[in-house]
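Working notes for the structure below.
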Number of protein chains: 2
Amino acid sequence: MRASSVNQIILKTLEQDQSHLTAQQIYGRIRDNLPAVNQSTVYRALERLAHAGQVSVSDMGLGAAVYEAVGGEQHHHLVCQECNQVITIDDAAIQALFNDIERQHDFQVVTNHLILFGRCSACRERMPE
Amino acid sequence: MRASSVNQIILKTLEQDQSHLTAQQIYGRIRDNLPAVNQSTVYRALERLAHAGQVSVSDMGLGAAVYEAVGGEQHHHLVCQECNQVITIDDAAIQALFNDIERQHDFQVVTNHLILFGRCSACRERMPE
DNA sequence: AATTATAATGCAATAATTTGCAGTTGCAAT
DNA sequence: ATTGCAACTGCAAATTATTGCATTATAATT
Ligand SMILES: [Zn+2]
Ligand SMILES: [Zn+2]
Ligand SMILES: [Zn+2]
Ligand SMILES: [Zn+2]
């Protein structure tokens with residue numbers, strides 16, 4: 001992957017701004033600095049960065065995919081399907097599973113921002129079953 | 001959730017046809033029987049069925065989301081990002097993780113068709129690092 | 001500095017998905 | 001059977017995402 005200008009700006013944007021930005025949000029912020037950029041360029045740059053492991057892409061149940069810079073400490077999320085609450089979980093348990101899979105299936109998992117959907121405790125109390 | 005006609009047809013379609021159909025493929029098959037159906041109705045019916053746990057929705061790295069009927073035996077997949085090979089894995093290890101999460105975070109995971117991306121052994125041999 | 005190969009971009013067309021809103025239908029309670 | 005409510009649907013528009021192809025920028029090689 002080349003050191004293209006859009007790559008650099010996307011990474012800087014994702015590191016500076018809040019996490020979990022949509023492609024359109026990233027596109028908007030980039031246009032502030034680099035007005036001529038095309039949207040397909042942003043989508044393709046995000047795809048490249050995701051494939052290279054520098055950003056994560058996730059469907060968190062919003063309308064659009066969200067992107068996040070992948071730093072040293074990885075994390076994952078639980079998303080409540082009822083109230084949309086987002087819980088952050090650390091990497092340890094997840095990596096244990098990934099290691100198991102790597103041993104059992106000889107497959108190197110690179111998923112770096114896992115989203116699991118379900119129901120939080122409050123929503124289960126509020127509406128059991 | 002009501003017993004709407006579109007719900008029934010979608011479930012029948014997913015059970016009869018091959019797995020991992022896109023919304024457009026489902027839409028196409030439904031139109032064969034029920035020509036007047038609108039595509040947004042199909043999307044919303046799929047969303048309902050997914051929320052009810054009767055079908056799974058997954059991004060498997062194709063252009064579009066894929067849907068599958070959820071039967072008694074659940075399964076999950078590993079998808080190679082290089083060669084697009086799809087490996088099916090069984091539920092045991094995954095449910096163990098989900099149980100851990102449920103204990104540690106008091107969060108009931110309902111994800112029923114987990115997709116993990118990575119690199120298969122052949123691709124790692126072919127292009128190490 | 002010129003050449004070359006490949007990655008990255010712009011542009012426009014297309015595809016996939018979501019949404020607002022008005023109207024319809026299924027279902028339960030009178 | 002009638003009523004009433006909420007779920008479901010159709011339609012059109014908007015949003016989100018992907019793709020083909022010609023052009024440009026980057027980095028390595030000569
Ligand atoms: Zn995150
Ligand atoms: Zn909740
Ligand atoms: Zn499957
Ligand atoms: Zn592979």
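Letters go in sequence order (proteins before strands), and every chain restarts at 1.
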Open item on the list: Let's see if you can work this out: which of D/dG10, D/dT18, D/dT16 has an atom nearest to the side-chain heavy atoms of A/Ser40?
Closed with: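 Of all the options, the side chain of A/Ser40 is nearest to D/dT18.
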- [ ] Could you check which of C/dA8, D/dC11, C/dT17 has an atom nearest any side-chain atom of A/Asn7?
- [x] C/dA8
TODO: Take nucleotides 23-30 of chain C nucleotide by nucleotide from the 5' end and write B, S or -, depending on whether a protein heavy atom sits under 4.0 Å from the base, only from the sugar-phosphate, or from neither.
DONE: --BBS---
At what distance, to the nearest 0.5 angstrom, does [atom1] of [X] lie from [atom2] of [Y]?
X	Y	atom1	atom2	result
A/Leu114	B/Leu97	CG	CG	8.0 Å
B/Ser19	B/Glu68	OG	CD	4.0 Å
A/His20	A/Ile115	NE2	CD1	6.0 Å

Between [N] ([atom2]) and [X] ([atom1]): distance, integer Å:
X	N	atom1	atom2	answer
A/Tyr67	D/dA17	OH	C1'	8 Å
A/Tyr27	D/dT15	OH	P	14 Å
A/Asn38	C/dA12	CG	P	9 Å
B/Gln8	D/dT9	CD	C1'	15 Å
A/Gln39	C/dA8	CD	P	19 Å
B/Leu62	D/dT19	CG	C1'	15 Å

Task: OP1 or OP2 of D/dG10 under 4.0 Å from side-chain N/O of B/Thr41 - done: yes
Task: Charged N-O contact under 4.0 Å between B/Arg29 and B/Asp32 - done: no
Please set out all donor-acceptor pairs under 3.5 angstrom arising from side-chain atoms of residues 41-49 of chain B, sequence neighbours excluded.
{"from": "B/Tyr43", "atom 1": "OH", "to": "B/Gln24", "atom 2": "NE2", "distance (Å)": "2.8"}
{"from": "B/Arg44", "atom 1": "NH2", "to": "B/Ser40", "atom 2": "OG", "distance (Å)": "3.4"}
{"from": "B/Arg48", "atom 1": "NH2", "to": "B/Asn7", "atom 2": "OD1", "distance (Å)": "3.0"}

- [ ] Report yes if the distance between the aromatic ring centroids of B/His113 and B/His75 is under 6.0 Å, otherwise no.
- [x]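 Aromatic pair counts; centres sit under 6.0 Å.
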Open item on the list: Treating A/Ser121 as the side-chain partner and B/Phe107 as the backbone partner, does any N or O pair qualify as donor plus acceptor under 3.5 Å?
Closed with: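 Not confirmed, A/Ser121 side chain does not pair with B/Phe107 backbone.
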Open item on the list: Quick one: does any side-chain atom of B/Thr22 pair with a main-chain N or O of B/Gln25 as donor and acceptor, under 3.5 Å?
Closed with: yes
Open item on the list: Give the residues of residues 42-51 of chain B touching DNA chain C, defined as any heavy atom closer than 4.0 Å, sorted by residue number.
Closed with: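 Residues of residues 42-51 of chain B that come under 4.0 Å of DNA chain C are, in numerical order, B/Tyr43, B/Arg44.
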- [ ] Show your reasoning for whether side chain to side chain contact (heavy atoms under 4.5 Å, CB included) applies to B/Asp106 and A/Arg124.
- [x] CA-CA 10 Å; B/Asp106 198 12; A/Arg124 271 182 297 154; 2.9 Å; yes
